[in-house]
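Source: prediction; values computed, not measured.
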Number of protein chains: 2
Amino acid sequence: MKQNATLKKIAERLNVSISTVSRALKNHPDISEETKKKINELAALLEYDPNPYAVNLRTHSSKEFAVVVPSLSNFFYHSFISAIEEDARIDGYTVIIYRSANDPVIEQEILKSCRHKRVSGIFIAITSGTKEIEPFLKLDLQGIPVVFFDKVPKYESCNKICVGDAHAATIAANEILKKGITNVLAIFGDENMSITQVRLQKFTEIVSGYAEFKAVHANNSEEAEQIALSMIPGFEKKRFAVFCMSDEILVGAMKAIQRMGLKVPADLGVISISDGMIPSLFYPEITYAETSGFKLGKLAFGRMMRCIAGSSFAQTIIDESILIEGGSI
Amino acid sequence: MKQNATLKKIAERLNVSISTVSRALKNHPDISEETKKKINELAALLEYDPNPYAVNLRTHSSKEFAVVVPSLSNFFYHSFISAIEEDARIDGYTVIIYRSANDPVIEQEILKSCRHKRVSGIFIAITSGTKEIEPFLKLDLQGIPVVFFDKVPKYESCNKICVGDAHAATIAANEILKKGITNVLAIFGDENMSITQVRLQKFTEIVSGYAEFKAVHANNSEEAEQIALSMIPGFEKKRFAVFCMSDEILVGAMKAIQRMGLKVPADLGVISISDGMIPSLFYPEITYAETSGFKLGKLAFGRMMRCIAGSSFAQTIIDESILIEGGSI
DNA sequence: CTGAAAGCGCTTACAG
DNA sequence: CTGAAAGCGCTTACAG
């Protein structure tokens, strides 16, 4: 088993002190060019890399961000994480990803682990069962900034970066009206989720008066499929569209549409709110109001860096959506 | 900013030595029950938790596993990681997830980071561009076991846990013959991946002689779509099926099929190898040979624990698949 | 320009 | 049963 190089080994081989090696490697101005040169050469040869545990123990900083998500198999979070990683790399931070499995107990354990590791900051989408937010605030007080994203607590004074639900619903609703659709089946998710409420309210506000529409709720793909199967036949197919609030709903609705052998967009239009992965699986691709995980990640990272720089002013940032046309409406 | 409790603080408050506190907290038999009791009580009160950096610096072990995957938005990896986390939790290990973004350079950086952190072990699905495996073998020599899964190198003597590619291909091929299909378009992935080669070889072996078939390669969904678009029209639609080696291929093929307005399974059959997420998005659902990430994770973890226990005997474990019927063939 | 020394928080062989 | 001491690998104020 090959030993890792240490400052001590380099110092011994070169007959200098450990301090000098340490300084030379950090390009400290005190050290002569000559000394620096020979130290850096040997370090390269030995593939020296500082032991992060020792560094952390000394400096109390880890240059490591944690991202905590309920689930990984989610294109939205994936894009979010990509954005964080992209920016973190530039600033010399490492990103570690934790999965809470949507379990508040596991979430607490992860938090504890982050605290002990003194991560530089935490990006987190909380579980649907997360009740207490004191542990998060405590971290903030200990100097570990917490930036909530997507699934955020209701509590006011914390850093939150969210998808603009009202805006996304507005975009989708406007597109429906613009296309001259007059009959709409709008399928929403779980009635208790705040994101459902916001999307429903805004959508209704815009569409009502201009189109006949029916709003229904489905708790999962199967329910959405059943609803679509039973309700679509009742609509006059002319100038008719189905609006799906989320990917989950869209998947169910599309199954029903395929099952009934209907053609999109000839027989009916389809429009949804999505991050774009699921809509791209169909032909024609589904038109959607984009909620971009990537953009959200960029915003969150910016906020985080400002927290680290000392801005303790909690702030809510909301990301707006744009319409991505896919030919389904 | 609240300070974290340390052994020293507890020792001072209780007028005992640091050594005693350390031992009491580990339930060392030398320490009297009485002393243990008061120390544990204060530790609980102060929410003492050992500084992992200090522990690691001393003991050279982290009780932390790394899982490295090319992508997160992948149901297969998600199930794999769930299985690892489930088992790791039981044994007191933490799991950290790294994303290589299918970039060999980032993969190397992650490896370096794992080495410096002296993780207890690494589970890795390599990138498609990974050429050198010495860095992995070096880790193994340094006492950090590496268990490859799913995307594994060709090199013989390493720990590999794979989907039973030959078996999955066999199941799919047999189902095709069983259904009386005589014309097959088989779309495979990147020719350089060993998984492609194995699946292609086995599939060919079984189908040839019984059906007319054409095997082609696509490096991504778009290529698969183009291939399907250009080649499907050339086939006699009677008793014809498309075989897709992976989800990526399936997505492309299904887009082409929808685009051409063909009906599944009336016009043509479709069968694939998958973990089951993508096949369930269509109607009818796609029939597939199941490769379970969860089962693979359980196998990989078992192998890892045996490595840690000292079994240096490299071993390839293969997980077998089963056929999940969806009505597409 | 360079080095000796202290200390981050822990573990553990050694001594008593 | 308990403690003093060394040491993991690093950084940095202090001294020269």
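Note that CG of L139(A) and CD1 of I124(A) are 9.0 Å apart. Values are rounded to the nearest 0.5 Å.
Residue pairs meeting the salt bridge (charged side-chain N to carboxylate O under 4.0 Å, His left out) criterion with at least one member in residues 94-114 of chain B, sequence neighbours excluded: D49(A)-K112(B), E85(A)-R99(B), R89(A)-E109(B). For residues 125-136 of chain B, the set of pairs meeting the salt bridge (charged side-chain N to carboxylate O under 4.0 Å, His left out) definition, not counting sequence neighbours, is empty. A salt bridge (charged side-chain N to carboxylate O under 4.0 Å, His left out) check over residues 291-300 of chain B, counting only residues at least two apart or in different chains, returns the pairs E86(B)-K298(B), D87(B)-K298(B), K295(B)-D319(B).
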Give the dot-bracket string for DNA chain D, reading 5' to 3', where a pair is Watson-Crick or G-U wobble with both distances under 3.5 Å, ( ) marks pairs inside the strand, [ ] marks pairs crossing earlier ones, | marks a partner on another strand, and . marks unpaired.
|||.||||||||.|||

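T6(A) comes within 4.0 angstrom of sugar-phosphate atoms only, judged by non-hydrogen atoms across all strands, and of no base.
In terms of the side-chain hydrogen bond (donor to acceptor under 3.5 Å, both in side chains) criterion, residue partners of T20(A) (sequence neighbours excluded) are, by chain and number, S17(A). Looking at residues two or more places apart in sequence or on another chain, you find a side-chain contact (heavy atoms from CB on, under 4.5 Å) between N51(A) and Y53(A), A54(A), L57(B), R118(B). Residues that satisfy the ring pair (Phe, Tyr, Trp, His ring centres under 6.0 Å) test with F148(A), not counting sequence neighbours, are F136(A). Scanning for ring pair (Phe, Tyr, Trp, His ring centres under 6.0 Å) contacts around Y93(B) gives F65(B), with sequence neighbours left out.
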Polar pairs (N or O, both sides) under 3.5 Å between protein and nucleotides 3-6 of chain C?
{"unit_1": "dG3(C)", "atom_1": "OP2", "unit_2": "S17(A)", "atom_2": "N", "d": "3.0"}
{"unit_1": "dG3(C)", "atom_1": "OP2", "unit_2": "S17(A)", "atom_2": "OG", "d": "3.3"}
{"unit_1": "dG3(C)", "atom_1": "OP2", "unit_2": "T20(A)", "atom_2": "OG1", "d": "2.6"}
{"unit_1": "dG3(C)", "atom_1": "N7", "unit_2": "R23(A)", "atom_2": "NH1", "d": "3.2"}
{"unit_1": "dG3(C)", "atom_1": "O6", "unit_2": "R23(A)", "atom_2": "NH1", "d": "3.2"}
{"unit_1": "dG3(C)", "atom_1": "O6", "unit_2": "R23(A)", "atom_2": "NH2", "d": "2.6"}
{"unit_1": "dA4(C)", "atom_1": "N7", "unit_2": "S19(A)", "atom_2": "OG", "d": "3.2"}
{"unit_1": "dA4(C)", "atom_1": "N6", "unit_2": "S19(A)", "atom_2": "OG", "d": "2.8"}

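Residue Y48(B) contributes atom OH, which lies 10 Å from atom C1' of dT11(C) at whole-angstrom precision.
Considering only the side chain of L57(A), dG9(C) comes nearest among dC1(D), dC1(C), dG9(C). Each of dC10(C), dC10(D), dT2(D) was ranked by its minimum atom distance to the side chain of P50(B); first place goes to dC10(C).
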